[in-house]
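Have a look at the structure below, then the notes.
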Amino acid sequence: MKHEWKKQEKGFYAAKQIPAMIIVPIQNYIMIDGKGNPNHEDFSDRVAALYALAYAIKMGFKAAANNADVSREVHDFSVYPLEGVWKQKQGDDLVKDELEYTIMIRQPDFITESMVCKAMEAVKKKKPNPLYEEIRFDTMQDGKCIEILHIGAFDDEPASFEKMTQFAKKNNLERDKSCHREIYLNNANRVEKSKLKTILRFSVK
């Protein structure tokens, strides 16, 4: 069986264009930190390093699952979408050069740290990149969140965040962190800005 997040975990990636509540449990990720404007090359380089490792993990798992000595119910999985947790160092007005972020790609529960380490060694040899040294395998738990599906350019996200804020007020909720999460459901380099699909989330109490 192939584990496909779009099917088996649809509830975490099926946000609508109206705000809603969601409870997000602890999840595994490969992740890397960064600072500055996401339109700059450094951000793209970090994304590329993450994806290189993500596909190495997938291929390593698939190869082991196809080994006659290994019996697994799941023999393959789809690579999860890119995600980012974003915060600004100070102020309310968006200044992209002052952004701090952690970008990540979720890993299925059956992927272990030892599998990630093995894949890391393989990808270092095949596609050398100094940024691999900054990638870590870790967990995050967002808990109670408000989410919305934003369709359109990233620069137009404030309108969607305003809907989320109003939803929080109506339900007597407030943000408990200054950061927010974005889940990118399609590729910004291959899709028109007006058709970009991004799940926005922030945690509440």
Quiz prompt | Aromatic centroids of His180 and Phe161 separated by under 6.0 Å | solution = yes

Self-check item: Aromatic contact, Phe154 with Tyr184 (centres under 6.0 Å)
Solution: yes

Quiz prompt | Pair Glu121 + Lys118, salt bridge at N-O below 4.0 Å | solution = no

Quiz item: Quick one: are Leu185 and Thr198 in side-chain contact, heavy atoms under 4.5 Å?
Solution: no

Practice problem: Assess whether atom CD1 of Ile26 is packed by more than 12 heavy atoms of other residues, nucleotides or ligands within 6.0 Å. | Solution: yes

Exercise. Please report the shortest heavy-atom distance between Val116 and Leu53, naming the atom on each side.
Key: O-CD1, 4.2 Å

Self-check item: Side-chain touch Glu113/Asn28, heavy atoms, less than 4.5 angstrom
Solution: no

Quiz prompt | side chain to side chain contact (heavy atoms under 4.5 Å, CB included) evaluation trace for Met21 with Leu173 | solution = CA-CA 11 Å; Met21 290 286 302; Leu173 299 167; 3.6 Å; yes

Quiz item: In terms of hydrophobic clustering (I, L, V, M, F, W, Y; side-chain heavy atoms under 4.5 Å; direct or indirect links), are Ile135 and Met140 co-clustered?
Solution: no

Quiz item: Any luck finding a side-chain donor-acceptor pair between His3 and Glu9 under 3.5 Å?
Solution: yes

Quiz item: Between atom CD1 of Ile148 and atom CD1 of Ile146, what is the distance when rounded to the nearest 0.5 Å?
Solution: 10.0 Å

Self-check item: Greater than 12 external heavy atoms within 6.0 Å of Gln141's CD
Solution: yes

Quiz item: Going through the checks in order, is the side chain to side chain contact (heavy atoms under 4.5 Å, CB included) test met by Phe12 and Gln27?
Solution: CA-CA 11 Å; Phe12 293 124; Gln27 295 174 332; 4.0 Å; yes

Quiz item: In terms of hydrophobic clustering (I, L, V, M, F, W, Y; side-chain heavy atoms under 4.5 Å; direct or indirect links), are Leu99 and Phe202 co-clustered?
Solution: no

Quiz item: Are Met31 and Tyr132 co-members of a hydrophobic cluster defined by side-chain heavy atoms under 4.5 Å apart?
Solution: no

Quiz prompt | Within-4.5 Å side-chain heavy-atom neighbours: Val123 and Lys125 | solution = no

Quiz item: Is a donor on one side and an acceptor on the other found under 3.5 Å between the side chain of Asn187 and the backbone of Asn189?
Solution: yes

Quiz prompt | Reported CZ-to-OG distance for the pair Arg175 and Ser203, which is rounded to 0.5 angstrom | solution = 7.5 Å

Practice problem: Kindly give the heavy-atom pair with the smallest separation between Val79 and Ile105, and that separation in Å. | Solution: CG1-CG2, 4.1 Å

Practice problem: Please report the shortest heavy-atom distance between Tyr101 and Lys35, naming the atom on each side. | Solution: CE2-N, 3.6 Å

Self-check item: Minimum heavy-atom distance between Phe43 and Pro38, given as atom pair plus value
Solution: CD2-O, 3.2 Å

Exercise. Count the heavy atoms of every other residue, nucleotide or ligand shown that sit under 6.0 Å from NZ of Lys163, and state whether that count exceeds 12.
Key: no

Quiz item: If two hydrophobic side chains count as joined below 4.5 Å and joins carry through other members, does Phe137 share a cluster with Trp5?
Solution: yes

Quiz item: Do Val204 and Leu200 belong together in a cluster built from hydrophobic side chains that touch within less than 4.5 Å?
Solution: yes

Quiz item: Taking atom CG of Asp109 as the centre, does the number of heavy atoms from other residues, nucleotides or ligands within less than 6.0 Å exceed 12?
Solution: no

Quiz item: Would Lys96 and Asp155 pass as an ion pair if we require N to O under 4.0 Å?
Solution: yes

Practice problem: Using salt bridge (Lys or Arg N to Asp or Glu O under 4.0 Å) as the criterion, point out the one residue from Lys6, Lys2, Lys7 that pairs with Glu4. | Solution: Lys7

Quiz item: What's the spacing between Arg181 CZ and Ile199 CD1 if we round to 0.5 Å?
Solution: 11.0 Å

Quiz item: If every non-hydrogen atom of Pro81 is compared with every non-hydrogen atom of Tyr13, which pair is closest and at what distance?
Solution: CG-CE2, 4.1 Å

Practice problem: Report the residue from Arg46, Lys87, Arg136 that forms a salt bridge (Lys or Arg N to Asp or Glu O under 4.0 Å) with Asp33. | Solution: Arg136

Quiz item: Is the number of heavy atoms from other residues, nucleotides or ligands under 6.0 Å of Glu134 CD greater than 12?
Solution: yes

Exercise. Would you check if Leu196 and Ile151 make a side-chain contact, meaning some heavy-atom pair closer than 4.5 Å?
Key: no

Exercise. Any chance you could measure Ile22, atom CD1, to Lys144, atom NZ, to the nearest 0.5 Å?
Key: 13.5 Å

Quiz prompt | Distance-minimising heavy-atom pair for Lys197 and Asn186 | solution = N-OD1, 3.0 Å

Quiz item: Taking the side chain from Asp156 and the backbone from Gly152, do they hold a donor-acceptor pair closer than 3.5 Å?
Solution: no

Quiz item: Out of curiosity, Tyr80 OH to Gln107 CD, how far, rounded to the nearest 0.5 Å?
Solution: 8.5 Å

Quiz item: Given the side-chain rings of Phe61 and Phe110, with only the six-membered ring counted for Trp, is the space between their centroids under 6.0 Å?
Solution: yes

Quiz item: Taking the side chain as C-beta and beyond, is there a heavy-atom pair between Val47 and Asp45 under 4.5 Å?
Solution: no

Quiz item: Hey, are the side chains of Ile30 and Leu50 touching, using non-hydrogen atoms and a 4.5 Å cut-off?
Solution: yes

Exercise. For the pair Phe167 and Lys169, evaluate side chain to side chain contact (heavy atoms under 4.5 Å, CB included) and give the outcome as yes or no after the intermediate values.
Key: CA-CA 5 Å; Phe167 179 86; Lys169 289 180 179 179; over 6 Å; no

Quiz item: Judged by atom type as modelled, is there a donor-acceptor pair below 3.5 Å linking the side chain of His75 to the main-chain atoms of Met1?
Solution: yes

Quiz item: So do Lys124 and Glu133 actually touch side chain to side chain, heavy atoms under 4.5 Å?
Solution: yes

Quiz item: Are there more than 12 heavy atoms of other residues, nucleotides or ligands under 6.0 Å from atom NZ of Lys193?
Solution: no

Quiz item: Ion pair present between Arg106 and Glu83, side-chain N to carboxylate O less than 4.0 angstrom?
Solution: no

Practice problem: Any chance you could measure Ser78, atom OG, to Lys58, atom NZ, to the nearest 0.5 Å? | Solution: 6.0 Å

